[in-house]
2 protein chains.
Amino acid sequence: MKKENSAPTMKDVAREAGVALGTVSKVVNGIPVGDAYRVRVEEAIRKLNYQINSYAQGLKSNKTHTVALLIPNTQEPFYASLVYHINIALLKRKYRMLLCSTDYDSGLEQEYIAMAQQNKVDGIIGLTYNPGLVIEESTPFIAIDRSMRPNIPCVTSDNFAGGQLAAEKLADLGCRNVAFLRTGSSLSNEPNKRKAGFENGCLSRGLPYEMKIISDGDPYSEFEEFLASHIREGRLSFDGIFCVTDGLAYSIIKTLRKLNQKVPDDVQVIGFDGTRHFGNKDYTCSTIVQPVPEIAEMCVELLLQENMPSKPPLVCLPVTYAYGGTTLEAAPEKEER
Amino acid sequence: MKKENSAPTMKDVAREAGVALGTVSKVVNGIPVGDAYRVRVEEAIRKLNYQINSYAQGLKSNKTHTVALLIPNTQEPFYASLVYHINIALLKRKYRMLLCSTDYDSGLEQEYIAMAQQNKVDGIIGLTYNPGLVIEESTPFIAIDRSMRPNIPCVTSDNFAGGQLAAEKLADLGCRNVAFLRTGSSLSNEPNKRKAGFENGCLSRGLPYEMKIISDGDPYSEFEEFLASHIREGRLSFDGIFCVTDGLAYSIIKTLRKLNQKVPDDVQVIGFDGTRHFGNKDYTCSTIVQPVPEIAEMCVELLLQENMPSKPPLVCLPVTYAYGGTTLEAAPEKEER
């Protein structure tokens, strides 16, 4: 029996607004509903002086309104940007974010997954290359860049299209012989599709290409030797290079300089990620830009969408090309400082 | 009355090890104790099969083993590095970290402080320029870079010494007329001491200097105009410039290039922060390096040190100079890639 003076509940708000309880819940939790519904719910909340108490709600519904993010580190710019945008996407939905930088200790990842199983966090968003990770069926988990298992959605850039776009760009910019350079995890992962996309783009444009792929533990000097072995009479046989990340492109451009090859006049270089100096200034090189804010939003949406019976296994978001000084192209009219 | 088969408690471990309860607690919480004590406690834990349950402990002692970090964003490299090292310092002590990027909504900061007052987090580490922030006496809070009030420790680099070091370096490198350029918050804060340190260094070396200081909202073009107004017959009158951050140095170097001034041959530039390309490659410019891992450790140590009756109000940690290509100096023999 409800007491006369007890605090109004979400049910009272639903009755007052003439909407379903789920609609009130959505509005309270910042999940989009039709504007007309939202306005009615907000008016009812005001009229009844209903107090939104996400913590008390958490206790009742066994929710903590907390999500853990597993990410290798926050020092590499792509990761730093992901952390920032996921944090914003959660905070604006009144969710808190536990940060777990995992490259320090990959056993930590399993601890955070245990927390989710014990309802100490509502779910996990994770970018991880830990092959031994055990994730129970019931654990709400969204993966970035690497599919963990069929029922865990993986959110990523359209890496294949990005590789293809890089090849097409180099062809459009007049390249006649190009190379693809890659380093990274040998575990199956979405960014590996950049290679297939690049090959596809080269083949469709009739652009000859070579590949040099080294594994995570291999020394960088293998790239130096590869490039040096393609110099004849002081001139590199490649006039275009696609690097799997902007970070690799940075190192390759330094190596090219050491080998007396001018970028972009002798050889054009395209990276991948869309990294900017100091997070918000110029691009560090010409690059395929990952849609980081959209990746962040998609991860959070999918994680918090409880009533979705089957979530999409793989979501690929569109990439774009940006000029960053290492390709032959006019600089944009208004340069950012 | 203790049941025969109930799980062993921390008291049982203390009795078994023959040490004080506080010593067991320290070992369990990763706080340093003498090696001999640590070994005895660890052996007792193994013998009794004592289960360390930090969550249950949290409930008992009203501790959550969670600390919130308030920081403007994670995209600027200095902030990204702080987040990473504070995260590591907390994780290795079995503490969790809630991340709150505050430049999106400064009202959020007050919410996180309320969480600390309600024992939903054990304390807060915050880098904030929110002047209206209210922090109760009882809230465990460690500030970075800006003193909040007398009883809140502030951890920062030795900014004064850093400014002085920049001036002395420029003098050592042969500069005869230098400038200091600053932009940033007008609120009183520790990084502002870079200016006083620089002045002091110039005066002690008899090095003539000028200053151009603009506020956060002012347009960057004021620096361009300042520099352009100091060019006579194509030559800048300054042969050394100290910029308050590496981010500003990046923009200033671009402007100098536009004005046909060569760095470092015509004018040497020193920044502040110790920012590296991609977080771990070369320095972005010659720079005064902030000791970020040490700042992170100190913040966490001070926050978790409960039995310290009076915490230090201001802790300044030593900075160093690093060559980064924008001063006249031999590059280090082994370049990082």
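Order of the sequence lines sets the chain letters (A, B, ...), proteins ahead of strands, with each chain counted from 1. Both backbone and side-chain heavy atoms feed into the values below; hydrogens, waters and symmetry mates do not.
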Checklist entry - Is the shortest heavy-atom distance from the side chain of A/Glu111 to the side chain of B/Lys94 under 4.5 Å? => result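 In contact.
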Checklist entry - Any side-chain heavy atom of A/Val83 within less than 4.5 Å of one from B/Tyr84? => result no
Checklist entry - Parallel, tilted or perpendicular: which describes the rings of A/Phe278 and B/Tyr250, with under 30° parallel and over 60° perpendicular? => result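 Aromatic pair A/Phe278/B/Tyr250 classed tilted.
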Next on the checklist: Please identify, among B/Phe78, B/Tyr79, B/Tyr112, the residue contributing the most non-hydrogen atom pairs under 4.5 Å to chain A.
Outcome noted: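 Heavy-atom pairs under 4.5 Å are most numerous for B/Tyr112.
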Checklist entry - Most heavy-atom pairs under 4.5 angstrom with chain A, which of B/Thr66, B/Asp246, B/Thr255? => result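 Top option by heavy-atom pairs under 4.5 Å: B/Asp246.
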Checklist entry - Side chain of B/Asn87, backbone of A/Leu99: donor and acceptor closer than 3.5 Å? => result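 Confirmed, B/Asn87 side chain pairs with A/Leu99 backbone.
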Next on the checklist: Tell me whether B/Thr74 contacts the main-chain N or O of A/Ala80 through its side chain, where contact means a donor paired with an acceptor under 3.5 Å.
Outcome noted: yes
Checklist entry - When rounded to the nearest 0.5 angstrom, what is the spacing between SG in A/Cys100 and CE in B/Met97? => result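 A/Cys100 SG to B/Met97 CE: 10.0 Å, rounded to 0.5 Å.
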Next on the checklist: Once rounded to the nearest 0.5 Å, what's the spacing between atom NE2 of A/His85 and atom CG of B/Asn73?
Outcome noted: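 One finds 9.5 Å between NE2 of A/His85 and CG of B/Asn73.
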Checklist entry - For B/Asp273, which residues count as a side-chain hydrogen bond (donor to acceptor under 3.5 Å, both in side chains) partner, sequence neighbours excluded? => result B/Gln290
Item to check | Pairing residues for B/Gln75 by the side-chain hydrogen bond (donor to acceptor under 3.5 Å, both in side chains) criterion, not counting sequence neighbours | outcome: A/Ser81
Item to check | Non-hydrogen atoms of A/Lys281 and B/Ser251 that approach each other most closely | outcome: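 Where A/Lys281 meets B/Ser251 most closely, the heavy atoms are NZ-OG, 3.1 Å.
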